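One structure below.
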There are 2 protein chains.
Amino acid sequence: MKTDLRVFKTKDALRNALMHLLEQKSLNSISVTELCQLAKVNRGTFYAHYGQVENLFEEYFKTIMKDLADSYQEPYKYVKNLLSKDVNPATIRIFHHIEKYETFYRIVFSRTVPLSYYYLLFDHVQSLIRDDVSEHYLNGIDIDISMVSAYQANAILGLAIEWHRQDFKQSAEEMNRLLVRILSI
Amino acid sequence: MKTDLRVFKTKDALRNALMHLLEQKSLNSISVTELCQLAKVNRGTFYAHYGQVENLFEEYFKTIMKDLADSYQEPYKYVKNLLSKDVNPATIRIFHHIEKYETFYRIVFSRTVPLSYYYLLFDHVQSLIRDDVSEHYLNGIDIDISMVSAYQANAILGLAIEWHRQDFKQSAEEMNRLLVRILSI
DNA sequence: AATTTTATTGTACACTTGTTCATTAAATAT
DNA sequence: ATATTTAATGAACAAGTGTACAATAAAATT
């Protein structure tokens, strides 16, 4: 069954209002009241759909994660000449993805945001990496794949964190080259 | 100049109250009001010292980070027979540290907590690693040390995250062995 | 021991939060 | 087109938030 038109409208209004507010102030400083005023939606209606402003943001989050998974589908496009035996070219797409949604990732990596967003991102990268790890690295080695992929996924995210910290001054391309160099050390 | 005795008393009462409350409920669900009631401190006094409950927690955080730095001082004690050329034995102390303060790290790694705590932890691990990285790995190699240490620090924290996720079922010793194995792949 | 300094208290205020419920109105189904 | 379903509204509630300020009391200074 399809969603009620009214539900669609309110959710749309709320998402738009949130996006506008996020250009001015940080996520955690946006109150339910001001959000509803801007969206012209009753506060009670907001609470009927979301428990807090963060839940609304998480809905947007999922569409971004969809793009991350998509870019994983066409991996060998940009990095074919950078590969060493240890580098997964799909992995390396993540920097282009982050560059594409820079505004979004400035929020995800901001200090005041709940850790759950980082985990959502971590989960996705980990599961993207997990397949390759078990395929290319661990032939017959008895080791917890979750641990290995957690290690590698978070290492990449460590670069992303440092990248964010340096205000994304490097290009995604440079980040790719950096990763390859680190892996070859 | 030393701190006023009254200030010391109120901070002490607040910290104790917070620790008691954290045994029952999650950090973000603790209100300033209930905290002050338990601590028998005026709400206005709380706001004179901290802006929010989180700030109080962060003060406790610093004492834990102090222990992390301390355990870094006596590194070769527990892991001397686990070393490969790539493993920094000091690095590997982190799992024992986390095990020691498990209750605390269950909070730091919980979803609802602000990302800033993770960053505080990340900062410490990164700076601990930074020295060794520049010393042992990068002899004459021109590469951003912040990036390399961010990569390695967060990789370790990735294991910690996965460890937390698996409810710390492994011992710190097992985590050490795991790390060594991953590094040798 | 008396005086000065300053942290804490109690009270008050406007505001946000999260929830409830009867009323209204929009969308879907007949 | 009409009836039915159900989402959105508005109002009201108790509780928490963040801030301000005069009164008090505890600590530091002399």
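Please read all numbers here as calculations on a predicted model, not as lab measurements. Throughout, protein chains are lettered first and strands after them, A, B, ... in sequence-line order, and every chain is numbered starting at 1.
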Pairs involving residues 157-185 of chain A, ordered by first then second residue, that meet ring pair (Phe, Tyr, Trp, His ring centres under 6.0 Å) (sequence neighbours left out): A:Phe95-A:Trp163, A:Phe109-A:His164, A:Trp163-A:Phe168, A:His164-A:Phe168
Any chance the side chains of A:Asn154 and A:Gln126 put a donor and an acceptor closer than 3.5 Å? no
Do B:Glu58 and B:Tyr50 meet the criterion of a side-chain donor-acceptor pair at a distance under 3.5 Å? no
Please identify each residue that fulfils side chain to side chain contact (heavy atoms under 4.5 Å, CB included) with B:Leu38, with sequence neighbours left out. B:Ala17, B:His20, B:Leu21
Can you list, by residue number, the residues of residues 29-49 of chain A that have a non-hydrogen atom closer than 4.0 angstrom to DNA chain C?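 Listed by number, they are A:Ser31, A:Val32, A:Thr33, A:Arg43, A:Tyr47.
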Regarding B:Lys169 and B:Asp167, does a basic nitrogen lie under 4.0 Å from an acidic carboxylate oxygen? no
Quick check: on DNA chain D, is the nucleotide nearest B:Leu5 upstream (toward 5') of the one nearest B:Gln52, or the reverse? Name the residue that is more 5'.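 By nearest-heavy-atom nucleotide position, the 5'-most residue is B:Gln52.
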Between [X] ([atom1]) and [N] ([atom2]), how many Å, whole number?
| X | N | atom1 | atom2 | result |
| --- | --- | --- | --- | --- |
| B:Leu14 | C:dT8 | CG | C1' | 12 Å |
| B:Lys9 | C:dT6 | NZ | C1' | 15 Å |
| A:Asp4 | C:dA27 | CG | C1' | 5 Å |

DNA chain D: 5'-most and 3'-most nucleotides touching chain A, 4.0 angstrom heavy-atom criterion: D:dT6 to D:dA12
Roughly how far, to the nearest 0.5 Å, is CG of A:Leu18 from CD of A:Glu54?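 Nearest 0.5 Å value for the CD-CG distance: 9.5 Å.
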Sequence-distant partners of B:Lys62, salt bridge (charged side-chain N to carboxylate O under 4.0 Å, His left out), two or more places apart: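 For B:Lys62 there are no salt bridge (charged side-chain N to carboxylate O under 4.0 Å, His left out) partners, ignoring immediate neighbours.
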With sequence neighbours left out, what residues match B:Tyr101 under ring-ring contact (aromatic ring centres under 6.0 Å, His included)?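 For B:Tyr101 the ring-ring contact (aromatic ring centres under 6.0 Å, His included) partners, ignoring immediate neighbours, are B:His97.
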